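Notes to accompany the following structure.
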Amino acid sequence: MGTFIQLVVDGLATGSIYAALALAIVLVNQATGLINFAQGGLAVLSSYIAFAFLQLQFPLIVAILIAVVLSFFIGALVERFLLRRFERGDPDTAVVVTIGLLTLVTGIAAMIWSYNNRAFPSLFPLTSVEILGAVVSVRSLATTVTIVVIMVVLQLLFLRTKLGLALRAVADNPASAAFSGLPVGRLLMVGWGLAATLGAVAGILVAPQLTLTPGMLDTALVYALASVILGGLSSPVGCVVAASAIGVLENLVAVYVPLIGHDLKIAVPFALIFVILILRPQGLFGRKVVVRV
Amino acid sequence: MSSVTSLRSNRILRIVLIAAVAILLLVAPLVLPVFANQTLVRIGVYAVAVLGLNIVMGYTGQVNLGQIFFVGLGAYVTAYGVNHGWNIVVVFAAACVIAGIVGLLVALAAARLGGLAIAMVTIALPIVGVPLAKRLDEFTGGSQGISARFSDAPDWSRLYSDQWQFYIVLLVTAAAFLVARNLVRGKYGRAFGVVRENEAVAASMGVSPYRTKVLAFTVASIFGGASGFLYLAAVQYTSPETLSFGHSISLVAAMVIGGAGSIAGSLIGGAYYVLVPQLTNAIDPSFTTASQGAILLAVLFLLPEGLVSLPRVVRRLTRRRSTRPAPGNSPQTAPARSPVTEAAPEGLQKTERGKIGHEG
C-alpha cells in the first residue's frame, strides 16, 4: 500500500509538469486557435536565459523573474514577427511554422550552450516530508501547488476578466472581434506572451530535476500534447486533470505491469488516447464542434 | 490550331526529355565516384519517404509527424526477413504490407480527430517507436541495431556494390513515383484535394473524409515501409536511432521545403534531407539544427509552395518587373499589354497550366 501511495504521489508530481506545458498549449490555442509545437522549445530557451543570468551572479529568484518577464516579450515578438503572417491562412502551415520554430530554438540553444547537461539550482529546498506513509519531496509539492495556482488564475482570467473575454473572442472569430473594436493583433501578442511566460515557469520548475539540455522538454511536450488531446483543447481544468491522470497511470503501469516497464511507459497515454478517441472523439472535457456547410 | 501543334510538340519534347533523364540515370552510376553514388542512393531512399508524407500531408492536408516510424518499421522488417533467408521480393512485400497494416490501424484512430489533433497523435509514433525498438531486441537487436546484407552486387553483374544498390533504389523509387503520380492524378487524388480544402464540402459531395484520410495515411505508411526497405539496401544496417523524433521532424521540413502537394517536390525534399545536413555538418555540426529550422522558416516565408515553385516565382517576378503597370495583375489581363510583352505571358500561361495539370 505504501508503494502504491508513493507511486500516486510521484505520478502527480510529474503530471503537474506535463500540466504546465499543456496549459501553455491550451492558452495559445484559446487565444489563436493554433497548436504550438514550439512551446517546449521556448520554455527551454527561457530556462537557459535564467541560467545565463545566474552565471552573471544574479540571485536565483531575480534570474528567474528576469527570464519570466523576458519570455513574455519573446512570445509576443514571435507572434508579431513570425506567426502573424500565417495565422489567417491554413492551420496546417501554421503548425509547420511552429515546428520550424521548435527546430530553430533548439538549434540556437545548442549553438550557444551546447548539448551538454547543465546543472540548474532549485528554488525549493530538497528536503522531503511524509504524507500518508509516502515520502514527498518539498520540491515536487511546491511544483504541484504552483501549477494548481496557475491553473486557477488562468481559469479566472479566461472566465472572469475582460481580457480573458477578449482573448476568447479573438480566438473564436477574429473578424467579428475586430468589428467589435477589439485590438486583435495586440490580443494575439498578449496570448502568446502569456503562454511563453507559463512555459518559462514550467521549464524553470523542471530544469533542476532534468538538468538543462536543449531537448529537455521534448518528452514532456509529447505528454503535454497527450494531455491536451485527452482533456480537450478548450478546457484548462480538463488538461490538468488529464495530465495528472497520465502521470499517475504511467507510474503505476511501469511498476505493476512488467511487460511495459519503465522504457515503454510513454506508450501508455497514447494507448489510452486510442481507446478514448474511438469512444469520445472530442476528448474527455472538450465540446463537440458542429460543422455546417 | 497553333496551340494544338505546340501541345503535340510539347508532348514529344517531354518524351525526349524523359528518355534523356532515364538514360542519364542508367549511365550515371557507372561513371560517378562511389561517394556520389551513395549520396544519390540516399536521396532516392528519402525521396520515397517524403513522397509518402506528401500524399498524406501535402495532398490530403493531415499533418503527420510520424512518417519516420514507418521507415524504421520497413527497415526492421527487411532486416528480419533477410536474416531469415526470405526471398527478397517477399521481403520487400512484407516491408510494405506490414508498414501499411500498422499505418491503417493508427489511421483508424487518428483520422477520427479533426484538424490538428492528428498531428498530436502521430508525434507519438517515433517517440514510442524508439523504446519499442530497444525493447523488442529479439527482432531488432536492441540498442545495438541489426545489420543485413542483401544488396551486394552479384558476381554475374560485374558491378560494384554501390552501382548495384543504385539500380535497386532507382527501380523502386521510379516505381513509387509512378504509382504516386497516377494516384494523385486520379479520382483518389481529387478526393484528397477536396478533403484537404473542406471536409464538410467533401462529405456533402459523397466523399467520406474519414475513409479518405485513412486511405491517404495508409498509402503514406506503405511508401514509408518501401523507403525503409531501400534504407536497408543502401545502409545495410538499422538501429533505434534511425526512427528518432528529430528525423521525423526533418522529413516534414524536407517535404515542405521541396514543395507540399507536388510529386517533383518530393524528389527535391529527398535531396534537401540528404544534402543540407551534409553541407552544414561540414561547416559546423552545432549549426545543423538551427540552420534546418531557419531554412524551413525562410522557405515558408518566401516560397510557401516550396522550392519546386521557385522557377514559377522567379518568372512571375521578372515578368512583373518588365511590365511595370499594376502589380498583382492576373495572367488573363496580360494580352492587353504591348505586343512586345505579349509573347512572354502567353508562353508562361501555357507552362503554368501544363504544370498544374502535371502536378495534379
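Letters A, B, ... are given to chains in the order of the sequence lines, protein chains preceding strands, and every chain is numbered from 1. Just so you know, these numbers come straight off a predicted model, no measurement behind them.
Under a cut-off of 6.0 angstrom, the local environment of OH in Tyr188(B) is sparse, with at most 12 non-hydrogen atoms contributed by other residues, nucleotides or ligands. Few gaps surround CZ on Arg85(A); more than 12 heavy atoms of other groups in view lie less than 6.0 Å from it. Atom CZ of Phe73(A) has 12 or fewer neighbouring heavy atoms from other residues, nucleotides or ligands inside a 6.0 Å radius. Within a 6.0 Å radius of CZ in Phe287(B), no more than 12 heavy atoms belonging to other residues, nucleotides or ligands are found. Heavy-atom contacts from other residues, nucleotides or ligands closer than 6.0 Å to CD of Gln209(A) number more than 12. Environment of CD in Gln278(B): crowded, with over 12 heavy atoms of neighbouring residues, nucleotides or ligands closer than 6.0 Å.
With a 4.5 angstrom heavy-atom cutoff, Leu65(B) touches chain A only via side-chain atoms. Contact annotation for Ala124(B): both backbone and side-chain heavy atoms come within less than 4.5 Å of a heavy atom of chain A. Both the backbone and the side chain of Val106(B) come within less than 4.5 Å of a heavy atom in chain A. Of the atoms belonging to Leu297(B), it is side-chain heavy atoms, and not backbone ones, that fall under 4.5 Å from chain A.
Counting heavy atoms from C-beta outward, Val97(A) and Phe301(B) have side chains that stay 4.5 Å or more apart.
Atom-to-atom distance recorded for Thr93(A):OG1 and Leu300(B):CG is 7.0 Å, nearest 0.5 angstrom. With values rounded to the nearest 0.5 angstrom, Leu264(A) atom CG is found 5.0 Å from Arg135(B) atom CZ. For the atom pair CE of Met111(A) and CG of Asp284(B), the computed distance is 7.0 Å after rounding to the nearest 0.5 Å. Considering OG1 of Thr122(B) and CG of Leu225(A), their distance stands at 10.0 Å, rounded to 0.5 Å.
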Checking side chain to side chain contact (heavy atoms under 4.5 Å, CB included) for the pair Val63(B)/Phe37(A): CA distance, chi angles, key distance, verdict?
CA-CA 12 Å; Val63(B) 179; Phe37(A) 282 96; 5.7 Å; no
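Closest non-hydrogen pair, Ala267(A) versus Val128(B), comes out as CB-CG1, 3.7 Å. The two residues Ala290(B) and Leu104(A) come nearest to each other via the heavy atoms O-CD1, 3.3 Å.
Of all the listed residues (Val96(A), Leu221(A), Leu102(A)), the one sharing the greatest number of non-hydrogen pairs under 4.5 Å with chain B is Val96(A). Chosen from Leu296(B), Leu108(B), Ile127(B), Ile123(B), the residue pairing most often with chain A at heavy-atom distances under 4.5 Å is Ile127(B). For the set Pro214(A), Ala110(A), Pro269(A), Gly107(A), the entry with the most heavy-atom pairs within less than 4.5 Å of chain B is Gly107(A).
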